[in-house]
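In what follows, a single structure is set out as structure tokens and then discussed.
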There are 2 protein chains.
Amino acid sequence: MSKSNNVYKDAYNRCLRLLDETRSLPSEPELGTLLGVSRTTVRSILARMEETGLITWNKRAKTVLREPRPDDFFPEEETDTLAEIIERSFMRRLLAGGAEAGMQINELELAREIGVGTTSVREFLIRFSRFGLIEKRRNSHWVLKGFTRAFALELTEIREMFELRSAAAFAALPQDSTVWVDLDRLEDEHRLLAREIATRFNEFSELDERFHRLIHRASRNRFIVDFYDVIAMIFHYHYQWNKAQERERNEVAVGEHLAYIEALKSRDLGKVDAACRKHLKSARHTLLTSIPENRPLQKS
Amino acid sequence: MSKSNNVYKDAYNRCLRLLDETRSLPSEPELGTLLGVSRTTVRSILARMEETGLITWNKRAKTVLREPRPDDFFPEEETDTLAEIIERSFMRRLLAGGAEAGMQINELELAREIGVGTTSVREFLIRFSRFGLIEKRRNSHWVLKGFTRAFALELTEIREMFELRSAAAFAALPQDSTVWVDLDRLEDEHRLLAREIATRFNEFSELDERFHRLIHRASRNRFIVDFYDVIAMIFHYHYQWNKAQERERNEVAVGEHLAYIEALKSRDLGKVDAACRKHLKSARHTLLTSIPENRPLQKS
DNA sequence: GTAATGTCTTTTATCGTGAAAAAACATTTT
DNA sequence: AAAATGTTTTTTCACGATAAAAGACATTAC
């Protein structure tokens with residue numbers, strides 16, 4: 001099996017959702033940009049849709065014949081990238097405990113366990129290494145450094161440095177910058193979420209990421225922007241894993257965000273700094289309390 | 001050809017140099033740690049040394065028969081890692097001009113040109129991506145972001161943030177920390193180099209890296225320490241490429257380092273900050289002047 | 001009995017290969 | 001002629017295979 005066709009399957013599923021809305025589909029290049037795939041893939045999708053009687057396809061004419069049924073969709077798990085599959089498996093092992101710092105990581109074993117080739121695992125580990133959780137021994141195995149308290153402290157130290165600077169840069173942005181529109185929109189979303197926090201509290205993590213990414217982008221520094229990938233990754237798994245007081249935590253965070261947004265809009269650097277510091281402090285606290293004290297520290 | 005034996009060849013060459021010093025070689029495990037390779041490789045080395053009449057080898061007895069001749073050594077170019085070969089080729093293309101921002105990077109073409117497999121090139125590009133000079137388009141090619149003025153500014157911004165913090169942490173280290181010994185030793189090396197700067201100015205870059213790495217390590221933050229890889233890489237190629245006023249620049253830098261070291265030893269945070277700022281400012285200036293103004297800026 | 005050597009097994013590094021997907025080129029349609 | 005469709009070529013992604021190198025186990029020497 002040389003390469004899975006998940007790109008095709010995922011685009012096919014997304015294209016099915018388009019069928020609900022229109023009587024006929026746009027041109028092939030247009031569909032390509034819409035779905036974010038090449039024309040080659042678009043044509044495969046159209047070919048299959050014709051086969052399954054969803055549309056008729058004759059050159060430019062692509063008429064929708066019927067609405068898609070649930071069984072027209074490819075199963076969700078077949079639309080994932082290999083990299084996503086590997087990351088999930090890897091993180092599950094890492095967080096499932098028993099993953100002590102200093103432990104060796106075996107490429108071959110990982111590959112066999114997940115059921116993929118070694119090359120994909122190797123490439124994943126190389127990409128993953130920038131998160132600072134693993135390290136390569138030359139000509140030899142990878143070493144797990146562990147998701148320890150030390151890691152969380154080092155991560156938050158950089159995060160705070162970067163975000164304070166980005167927030168200051170944000171507040172100094174000219175009035176006609178589009179970020180202010182984006183910020184207003186995010187503020188609305190926050191207010192909406194705050195009102196329905198009792199039922200929608202689990203939607204916060206996604207909003208959180210968008211908000212902080214907007215701020216970091218104001219730094220106009222690729223290293224700061226890219227570093228948010230590390231934070232986002234850690235928080236992504238942290239949210240999945242630490243569900244204690246999730247509702248309360250998120251409610252507090254939404255409130256802090258709103259104060260933070262207010263401060264940004266005031267363009268008063270002192271206020272921005274204070275609001276940012278306050279939010280970062282509670283974010284750090286949340287992360288730290290979720291890491292047991294007795295986790296082994298990293299070996300030399 | 002599945003894997004070159006450069007580890008063996010490189011270790012063999014280093015082992016030859018050991019032969020000059022002793023009449024007989026230590027045990028296999030000892031040689032292994034000394035050369036940083038496994039016993040398997042040590043045994044291959046010993047086997048060959050016996051074959052070429054350099055030593056006699058019978059179990060524990062490894063007697064040196066003659067001094068190594070120049071032709072006993074493997075050629076330098078056969079001792080390089082594939083990753084090093086690829087990096088050099090890639091950087092040569094990148095700095096040889098004609099590498100405009102926005103340009104596509106073709107894995108296959110690169111692999112063919114260098115004469116290696118695509119996998120190695122892919123892995124190199126993934127590792128290299130953390131330097132912020134290239135970026136991957138999903139399911140598609142890599143894009144060169146270019147070694148532009150913007151890049152240099154973003155890089156130095158982070159560098160200054162990190163180094164100021166590390167320098168402060170350094171100065172706050174307890175008196176009995178081993179870093180003070182390391183610093184004294186570096187100071188001596190600086191003084192020695194300063195005295196013979198006229199002839200040894202090209203040895204500065206190596207000293208520079210060791211000095212700044214020592215300081216960054218005081219941050220005890222893996223992200224700060226790891227970021228120095230980006231700086232080191234850029235400066236490594238920058239030194240090779242911008243030879244204008246090298247002697248003068250290095251002479252100035254050595255002086256700044258000595259003042260910086262003095263400030264650190266005074267443990268006066270104000271002085272440390274000032275000395276660090278001064279040096280970083282001139283380092284930034286040096287880097288910036290070496291980038292032509294008219295280099296194309298990164299496309300969206 | 002500790003530490004070396006000798007032997008065997010496992011893992012890593014790298015390649016060539018083939019299918020998926022993108023991209024380039026040619027042809028037709030509006 | 002601009003933009004679509006049709007066709008062909010190229011590139012990326014992922015795999016299994018193989019030699020280099022590491023590591024584990026067994027045996028011998030001190």
Side-chain angles (χ1 to χ4, degrees), chain A residues 1-11 26-32 35-47 57-62 81-83 85-86 104-112 115-126 136-142, chain B residues 1-11 26-32 35-47 57-62 81-83 85-86 104-112 115-126 136-142:
Chain A
M1 181 222 317
S2 57
K3 195 182 179 182
S4 92
N5 54 353
N6 67 77
V7 172
Y8 157 72
K9 286 178 177 171
D10 181 52
S27 76
E28 295 172 13
E30 224 169 312
L31 264 174
L35 298 168
V37 294
S38 73
R39 251 188 75 218
T40 310
T41 306
V42 168
R43 297 187 116 238
S44 309
I45 292 170
L46 292 172
W57 180 28
N58 189 282
K59 304 196 172 171
R60 296 178 187 223
K62 310 175 194 79
T81 319
L82 237 205
I85 295 168
I86 296 174
Q104 287 186 19
I105 296 164
N106 188 319
E107 290 177 4
L108 204 64
E109 191 190 313
L110 249 180
R112 272 194 296 244
V116 297
T118 47
T119 315
S120 313
V121 170
R122 277 174 70 76
E123 289 182 5
F124 164 75
L125 291 171
I126 295 169
K136 176 111 180 98
R137 292 264 188 287
R138 206 172 88 83
N139 279 317
S140 183
H141 53 263
W142 291 85
Chain B
M1 179 224 318
S2 57
K3 193 182 180 181
S4 92
N5 54 353
N6 67 76
V7 173
Y8 156 72
K9 286 178 177 171
D10 181 51
S27 77
E28 294 172 15
E30 223 168 313
L31 264 175
L35 297 168
V37 294
S38 74
R39 250 188 76 217
T40 309
T41 306
V42 168
R43 297 187 116 239
S44 309
I45 292 170
L46 292 173
W57 180 28
N58 188 282
K59 307 201 168 169
R60 299 182 187 221
K62 308 175 196 80
T81 319
L82 237 206
I85 295 168
I86 297 174
Q104 286 187 21
I105 295 164
N106 188 317
E107 289 177 4
L108 205 63
E109 191 190 314
L110 251 179
R112 272 194 295 246
V116 297
T118 47
T119 315
S120 312
V121 170
R122 280 174 68 76
E123 289 182 4
F124 164 75
L125 291 171
I126 295 170
K136 177 113 180 97
R137 288 267 157 20
R138 207 174 85 83
N139 278 319
S140 183
H141 52 262
W142 290 85

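Proteins get letters first, then strands, A, B, ... in listed order; numbering begins at 1 in each. For the numbers below, each heavy atom of this structure counts, side chains included, while hydrogens, waters and symmetry mates do not. All values reported here derive from a predicted model rather than from experimental measurement.
- Put simply, CZ on A/Arg39 is 6 Å from C1' on D/dT5, counting in whole angstrom units.
- Between A/His141 and the phosphate of D/dA22, there is no side-chain N or O to OP1/OP2 separation shorter than 4.0 Å.
- At the heavy-atom level, A/Ile105 lies under 4.0 Å from the strands shown only through sugar-phosphate atoms.
- In this structure, A/Thr41 does not reach the C/dA20 phosphate: none of its side-chain N or O atoms is under 4.0 Å from OP1 or OP2.
- Of the candidates C/dT12, C/dG18, C/dT5, the closest approach to any side-chain atom of B/Arg60 belongs to C/dT5.
- Comparing A/Trp142 and A/Asn6, the nucleotide of DNA chain C nearest to each residue sits closer to the 5' end for A/Trp142.
- The rotation axes computed at either terminus of the helix from C/dG1-D/dC30 to C/dT30-D/dA1 lie 30° apart, taking five pairs at each end and rounding to 10 degrees.
- When rounded to the nearest whole Å, the span between CD1 of A/Ile85 and C1' of D/dC13 equals 13 Å.
- Listed pair A/Ser140 / D/dA22 fails the phosphate criterion, with no side-chain N or O lying under 4.0 Å from OP1 or OP2.
- Summarising the geometry, the separation between CD on A/Glu30 and C1' on D/dA4 is reported as 11 Å, rounded to the nearest angstrom.
- Rounded to an integer number of Å, the gap from B/Tyr8 OH to D/dA21 P is 9 Å.
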**Asked** Would B/Leu35 and B/Thr41 count as a side-chain contact (heavy atoms from CB on, under 4.5 Å) if you check the C-alpha gap in whole Å, the side-chain angles of each, and the deciding distance to 0.1 Å?
**Response** CA-CA 10 Å; B/Leu35 297 168; B/Thr41 306; over 6 Å; no
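- Between D/dA29 and B/Lys59, a contact under 4.0 Å exists linking OP1 or OP2 to a side-chain N or O.
- Between the CZ atom of A/Arg137 and the P atom of C/dT11 there is a distance of 18 Å, rounded to whole Å.
- The interatomic distance linking A/Leu108 (CG) with D/dA17 (P) rounds to 12 Å, in whole Å.
- Residue contacts shown for A/Ser44 are absent, as no nucleic acid heavy atom lies under 4.0 Å away.
- Contact check, B/Arg43 against C/dT5: no side-chain N or O comes under 4.0 Å of OP1 or OP2.
- Here D/dT11 presents its P atom at 7 Å from CD of B/Glu109, a figure rounded to the nearest Å.
- Judged by closest nucleotide on DNA chain C, B/Gly117 is the one of A/Asn5 and B/Gly117 placed further toward the 5' end.
- Phosphate proximity of C/dA23 to B/Asn106: absent, as no side-chain N or O sits under 4.0 Å from OP1 or OP2.
- Phosphate contact (OP1/OP2 of C/dT12, side-chain N/O of A/Lys136, threshold under 4.0 Å): absent.
- Donor-acceptor pairing under 3.5 Å, judged by distance alone, is absent between the side chain of B/Lys3 and the base of D/dT18.
- Distance CG/B/Asn5 to NZ/B/Lys9: 4.5 Å, rounded to 0.5 Å.
- Counting any heavy atom pair closer than 4.0 Å across all strands shown, A/Lys9 reaches no nucleic acid atom.
- Counting any heavy atom pair closer than 4.0 Å across all strands shown, B/Ser27 reaches sugar-phosphate atoms only and no base atom.
- Between A/Leu31 atom CG and D/dA4 atom P the separation is 11 Å, expressed in whole Å.
- Rounded to the nearest 0.5 angstrom, B/Thr81 OG1 and B/Asp10 CG are separated by 8.0 Å.
- Between the CG atom of A/Asn139 and the CG atom of B/Asn6 there is a distance of 7.5 Å, given to the nearest 0.5 Å.
- Sequence order on DNA chain D of the closest nucleotides to A/Gly115 and B/Arg112 puts B/Arg112 first from the 5' end.
- For A/Thr40 and C/dA21, the shortest distance from a side-chain N or O to OP1 or OP2 is not below 4.0 Å.
- Each of A/Asn139 and A/Ser120 has a nearest nucleotide on DNA chain D; the 5'-most of these lies closest to A/Ser120.
- The heavy-atom pair separating B/Val121 from B/Glu107 by the smallest distance is CG1-O, 3.9 Å.
- The line from CZ of B/Arg137 to CD1 of B/Ile105 is 11.0 Å long, rounded to the nearest 0.5 Å.
- Residue A/Arg122 places at least one side-chain N or O under 4.0 Å from the OP1 or OP2 atom of C/dA13.
- Every residue two or more places apart in sequence or in another chain that forms a salt bridge (charged side-chain N to carboxylate O under 4.0 Å, His left out) with A/Glu28 is listed here: A/Arg39, A/Arg43.
- Note that the CG atom of A/Leu125 and the CH2 atom of A/Trp142 stand 5.5 Å from one another [nearest 0.5 Å].
- Atom CZ of residue B/Arg112 and atom CG of residue B/Leu108 lie 4.0 Å apart, to the nearest 0.5 angstrom.
- Contact annotation: B/Ser38 reaches the phosphate of D/dA22 (side-chain N/O to OP1 or OP2, under 4.0 Å).
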